[in-house]
There are 2 protein chains.
Amino acid sequence: MNHAGAAGLKDAKDRFVRTWGEMASQWGINKTMARVHALLMASDAALSTDEVMSALGISRGNANMNLRALVDWGLVRRVAVGGERKEYFQSEKDVWNMCCRIARERKKREIEPVIGALEECLREAGGGRDAAAFRRKLTDLLELVRLLDFVLGKLAQQEKNAVMPRVLTLMKAMG
Amino acid sequence: MNHAGAAGLKDAKDRFVRTWGEMASQWGINKTMARVHALLMASDAALSTDEVMSALGISRGNANMNLRALVDWGLVRRVAVGGERKEYFQSEKDVWNMCCRIARERKKREIEPVIGALEECLREAGGGRDAAAFRRKLTDLLELVRLLDFVLGKLAQQEKNAVMPRVLTLMKAMG
DNA sequence: TCATGTTTTCAGAATTTACTGAAAGTATGA
DNA sequence: TCATACTTTCAGTAAATTCTGAAAACATGA
């Protein structure tokens, strides 16, 4: 029973790693990066590059690149273990903080540049009568993208979360 | 001056098409699909497959595939023009409706399957003591993903939008 | 200073994803 | 029914992305 249970846990973690990787690739995130993230989330202890490599069957270069990317996103921390020279990696423990980091990075990397580009389109389109419909479309889109920017910004600064209850309240109000 | 203005409008639309394509590919959406969508958004009139092909310099097969995908997403409609046999395509005019359609489809195609898979992980992990931390992580993630599912669901059914003011109200309340 | 253990880089290879274009399919009306 | 105008499919190709692995760089302690 214990043995079967342990096998189940291993399988469950594998499934989780696979699921997270597939989800990520649908959202424009590198699949391996997400699998590394999932592996670290599912692991109690911090893992070394070599452990990540062998757990996922990937090369050193690949492991190194994706671990660094996760650190850049603020989703994973480098930690020192015992007297070891090797670096270990540990995922952010709090799922809500994780969500905030993702919001912050996507806002900065992806939403803000789009706002700039749309504003540039608007400028370039000029004030002519022939451009009126296009200007209208652009301003509508800008309103939408700025709202998303605003929401992500709020989410990003929410270090400890009171997000869930508030959103639920709003949603109930919206019917 | 008129001539310069017209050139500016054309350039602005080109920039818009490029911007939309780049943004989309960062969010896991086919770049060409987004460019077709942007082209239709920027165009007052409905366009035929041939017009899309020549405006973007893509093949018939590619144009056909991406136009169909846009129709499947509910972002573009097939329309009949005059007495013509040819099909024409027109983007959803209202940007907020567009947003609702995207919410509905991403919820259905991407969020719901992830919820199912996470629930399966939880089942597979079993009730053993060694799985406790992993179960905790899974339930936290599920809470988060279910919240996203809920929000997208609300957004999706919001046919005519009162979304903007409500969200702004919430955001102010959140500080 | 050097030997050792570790991380980083990057050119080329592998894989995945997207695209083409010609052929097959479909609808229309004469 | 056939010719015509148009749409769809899909096998093969091209492009983009991701990955590998060996070499270079770096850090540490003797």
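Remember, predicted model here, so these are calculated numbers, not experimental data. Protein chains get the first letters and strands the later ones, always in sequence-line order, with residue 1 at the start of each.
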Would you mind reporting whether B:Glu105 and B:Arg101 have side-chain heavy atoms less than 4.5 Å apart?
no
Looking at B:Lys10 and B:Asp14, is any side-chain nitrogen of the basic one under 4.0 Å from a carboxylate oxygen of the acidic one?
yes
How do A:Gly57 and B:Arg78 order along DNA chain D: which one's closest nucleotide is nearer the 5' end?
B:Arg78
Look at B:Thr32 and C:dC19 and indicate whether a side-chain polar atom (N or O) is within less than 4.0 Å of OP1 or OP2.
yes
In whole angstroms, the gap separating C1' of C:dC19 from CG of B:Leu56 amounts to 13 Å
Could you tell me the separation between the CG atom of A:Asn64 and the C1' atom of D:dC26, rounded to a whole number of Å?
13 Å
What integer distance in Å separates B:Met65:CE from D:dT9:P?
11 Å
In this structure, how many angstroms lie between the P atom of D:dT20 and the CZ atom of A:Arg60, rounded?
12 Å
Calculate the interatomic distance between B:Asn30 atom CG and C:dT17 atom P; express it in whole Å.
12 Å
Atom-to-atom span, CE of A:Met53 to P of D:dA22 - whole angstrom:
11 Å
In Å, rounded to the nearest 0.5 Å, how long is the span from NE2 of B:His37 to CG of B:Leu67?
11.0 Å
Could you tell me whether B:Arg15 and A:Glu124 make a salt bridge, using a distance below 4.0 angstrom between a side-chain N and a carboxylate O?
yes
Can you measure B:Phe89 atom CZ to D:dC6 atom C1' for me and round it to whole angstrom units?
11 Å
Nearest of D:dC19, C:dG21, C:dT6 to any side-chain atom of A:Lys86?
C:dT6
Where the side chain of B:Thr49 is concerned, which of C:dC19, D:dT20, D:dT7 is the nearest nucleotide?
D:dT7
Test: B:Arg136 and B:Asp140 ion pair at under 4.0 Å
yes
Can you find an N or O donor on one side and an acceptor on the other, under 3.5 Å apart, linking the side chain of B:Arg68 with the base of D:dT8?
no
Judged by each residue's nearest nucleotide on DNA chain C, which is more toward the 5′ side, A:Gly61 or A:Arg85?
A:Arg85
To the nearest angstrom, the CD-C1' distance between B:Gln26 and D:dA16 comes to 15 Å
